[in-house]
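Here is the structure we will look at, set down as structure tokens.
Positions are given from 1 along the sequence.
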Amino acid sequence: MPSQPIRLRLFAVFAVFLAQNALAQAPVGKASAPAGTSVQQAIQLVTEGRCQQALPVLKKAYSHVVGKDPRYHAAMATVRCAMDLQDDQTAADALLLLKREFPDDPEVLYITTHYFSEMGMRAAQELTTKAPSSIQARRLQAEDLESQGKNEEAAAIYSKILEESPKTQGIHYRLGQLFLAEAGSNGPTDRAKLEFQRELEVDPHDAACEFILGELARRTAQWDEAITHFTKASALDVGFAEAYLALGMTLNATGKFQEAVKPLENYVVMQPGDPAGHYQLAMSYARTGNKAGSTQQLALQAKAANGPKAATDTTEGHAVVH
């Protein structure tokens with residue numbers, strides 16, 4: 001695998017190719033458009049590797065460029081130079097502009113993916129170089145070990161962090177996730193549950209922990225405990241769609257159909273493409289005498305089931321990123 005500087009250079013070379021295409025496609029000979037002409041000249045400078053001269057022109061003149069293709073190539077040339085000069089702010093701005101103006105373009109998606117990945121790698125290298133013994137650097141090391149499947153080594157680092165700084169947020173959560181993975185679908189989850197409870201002692205506003213504790217309780221039919229956790233999760237994070245669904249499902253499962261209506265109504269508004277939400281709400285409506293509402297939700301469920309699914313399998317566990 002090429003080193004980080006080489007990979008950045010490769011992406012810059014890729015953008016040169018795009019800039020060279022721009023020379024073939026950009027309008028020429030229009031004396032009435034000096035801004036466009038200066039951009040074309042700047043693109044020529046890019047192909048010659050003269051980014052120090054080209055980048056200021058591109059940054060200043062881009063807003064005056066007219067036409068879809070010229071704007072595309074001017075922005076790509078800006079990205080190329082900014083990458084080459086390690087001007088992260090300009091590169092990021094140009095990529096976000098390309099994403100906004102050309103959201104479905106494969107080249108834009110490709111180079112955006114790789115560049116932001118490189119930015120993350122470079123930031124990680126700076127962190128480990130400038131503050132190698134910091135909690136943040138060690139946490140990053142543990143997360144990298146997790147990604148390699150080295151969970152025991154990661155857990156050892158997390159545990160050491162907690163020994164030194166017991167109130168560090170997010171560490172008990174990571175340990176809980178490791179112990180959940182270790183337990184699998186049928187193993188004991190007591191260790192994981194304890195870590196999520198400890199995380200809430202450190203950070204009482206952690207909606208993700210509340211949700212996972214609710215899921216663990218629901219799986220063992222501890223309905224009241226599950227309802228309490230799901231209610232807290234949805235209150236702590238009003239945009240947490242899965243918490244509303246899980247709460248509504250649990251209320252339905254315990255026969256509390258009237259109480260289930262509100263969280264399920266919230267969920268179907270937030271995730272109209274998920275058949276599970278419509279089905280659960282149809283059940284709640286049917287059991288509370290709202291036959292018309294139930295019929296409507298069943299129709300929406302059928303429509304959602306036959307179309308692209310907005311969620312994979314939201315009737316069971318949900319991946320929560322902390």
Can you name the nearest heavy-atom pair linking [X] to [Y], along with the distance?
{"X": "Thr112", "Y": "Val108", "value": "OG1-O, 2.6 Å"}
{"X": "Cys51", "Y": "Pro56", "value": "O-CD, 4.3 Å"}
{"X": "Ile161", "Y": "Arg139", "value": "CD1-N, 4.0 Å"}
{"X": "Pro132", "Y": "Thr128", "value": "CB-O, 3.1 Å"}
{"X": "Pro166", "Y": "Val202", "value": "O-CG2, 3.9 Å"}
{"X": "Pro272", "Y": "Ala304", "value": "O-CB, 4.2 Å"}

**Request:** May I ask you to decide if Asn290's main-chain N or O and Ser294's side chain share a donor-acceptor pair within less than 3.5 Å?
**Result:** no
**Request:** Please confirm whether the backbone N or O of Ala137 pairs with a side-chain atom of Ser134, one donor and one acceptor, at under 3.5 Å?
**Result:**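 Yes; judged by distance alone, with no hydrogens or angles, the pair exists.
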**Message:** Is there a salt bridge (charged side-chain N to carboxylate O under 4.0 Å, His left out) between Arg218 and Glu215? Walk through the geometry before answering.
**Reply:** CA-CA 5 Å; Arg218 185 171 72 89; Glu215 279 290 293; 3.2 Å; yes
Does [X] reach the side chain of [Y], with side-chain heavy atoms less than 4.5 Å apart?
{"X": "Leu58", "Y": "Val46", "result": "yes"}
{"X": "Glu225", "Y": "His229", "result": "yes"}
{"X": "Leu194", "Y": "Phe179", "result": "no"}
{"X": "Leu98", "Y": "Ile111", "result": "no"}
{"X": "Ile227", "Y": "Lys256", "result": "yes"}
{"X": "Leu245", "Y": "Asp274", "result": "yes"}
{"X": "Ile157", "Y": "Gln141", "result": "yes"}
{"X": "Val79", "Y": "Tyr115", "result": "no"}

Mark yes when over 12 heavy atoms from residues, nucleotides or ligands other than [X] sit less than 6.0 Å from its [atom1]; otherwise mark no.
{"X": "Gln52", "atom1": "CD", "value": "no"}
{"X": "Arg138", "atom1": "CZ", "value": "yes"}
{"X": "Glu164", "atom1": "CD", "value": "yes"}

Establish whether [X] and [Y] are linked, either directly or via other cluster members, by ILVMFWY side-chain heavy-atom contacts under 4.5 Å.
{"X": "Leu127", "Y": "Phe116", "value": "no"}
{"X": "Val261", "Y": "Tyr267", "value": "yes"}
{"X": "Ile43", "Y": "Val65", "value": "yes"}
{"X": "Leu145", "Y": "Leu178", "value": "yes"}
{"X": "Met76", "Y": "Phe102", "value": "yes"}

Name of the residue among [options] meeting side-chain hydrogen bond (donor to acceptor under 3.5 Å, both in side chains) with [X]:
{"X": "His278", "options": "Gln301, Gln271, Gln297, Lys303", "answer": "Gln297"}
{"X": "His172", "options": "Gln197, Gln177, Glu199, Glu195", "answer": "Glu195"}
{"X": "Asn252", "options": "Glu259, Gln280, Arg287", "answer": "Gln280"}

**Phe211: which of Phe230, Phe196, Tyr244, Tyr173 passes ring-ring contact (aromatic ring centres under 6.0 Å, His included)** =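 Testing each of Phe230, Phe196, Tyr244, Tyr173 against Phe211, the sole residue satisfying ring-ring contact (aromatic ring centres under 6.0 Å, His included) is Phe230.
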Measure the spacing between [atom1] of [X] and [atom2] of [Y] and express it to the nearest 0.5 Å.
{"X": "Ser117", "Y": "Arg122", "atom1": "OG", "atom2": "CZ", "value": "11.0 Å"}
{"X": "Asp237", "Y": "Glu210", "atom1": "CG", "atom2": "CD", "value": "12.0 Å"}
{"X": "Ile171", "Y": "Asp203", "atom1": "CD1", "atom2": "CG", "value": "12.0 Å"}
{"X": "Leu200", "Y": "His205", "atom1": "CG", "atom2": "NE2", "value": "10.5 Å"}
{"X": "Glu265", "Y": "Met270", "atom1": "CD", "atom2": "CE", "value": "14.0 Å"}
{"X": "Thr231", "Y": "Leu251", "atom1": "OG1", "atom2": "CG", "value": "6.5 Å"}

**Prompt:** Between Gln44 and Glu48, does any side-chain donor sit less than 3.5 Å from a side-chain acceptor?
**Reply:**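 Distance-only check passes for Gln44 and Glu48.
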**Request:** Report the C-alpha separation of Thr250 and Trp223 in whole Å, then their side-chain angles, then the decisive distance to 0.1 Å, and conclude whether the side chain to side chain contact (heavy atoms under 4.5 Å, CB included) test is met.
**Result:** CA-CA 7 Å; Thr250 307; Trp223 305 115; 3.6 Å; yes
**Asked** Which is it for Tyr158 and Glu146 under the side chain to side chain donor-acceptor pair (under 3.5 Å) test, yes or no, and what are the steps along the way?
**Response** CA-CA 11 Å; Tyr158 290 137; Glu146 279 189 68; 2.5 Å; yes
**Request:** Applying side chain to side chain contact (heavy atoms under 4.5 Å, CB included), run through Leu264 and Tyr285 and close with a yes or a no.
**Result:** CA-CA 10 Å; Leu264 290 171; Tyr285 281 157; over 6 Å; no
**Request:** Verify side chain to side chain contact (heavy atoms under 4.5 Å, CB included) between Tyr279 and Met249, making sure each step is shown before the conclusion.
**Result:** CA-CA 10 Å; Tyr279 174 78; Met249 290 173 61; over 6 Å; no
**Request:** Begin from the C-alpha positions of Met83 and Glu118 and carry the test side chain to side chain contact (heavy atoms under 4.5 Å, CB included) through to its verdict.
**Result:** CA-CA 10 Å; Met83 289 166 66; Glu118 292 296 335; over 6 Å; no
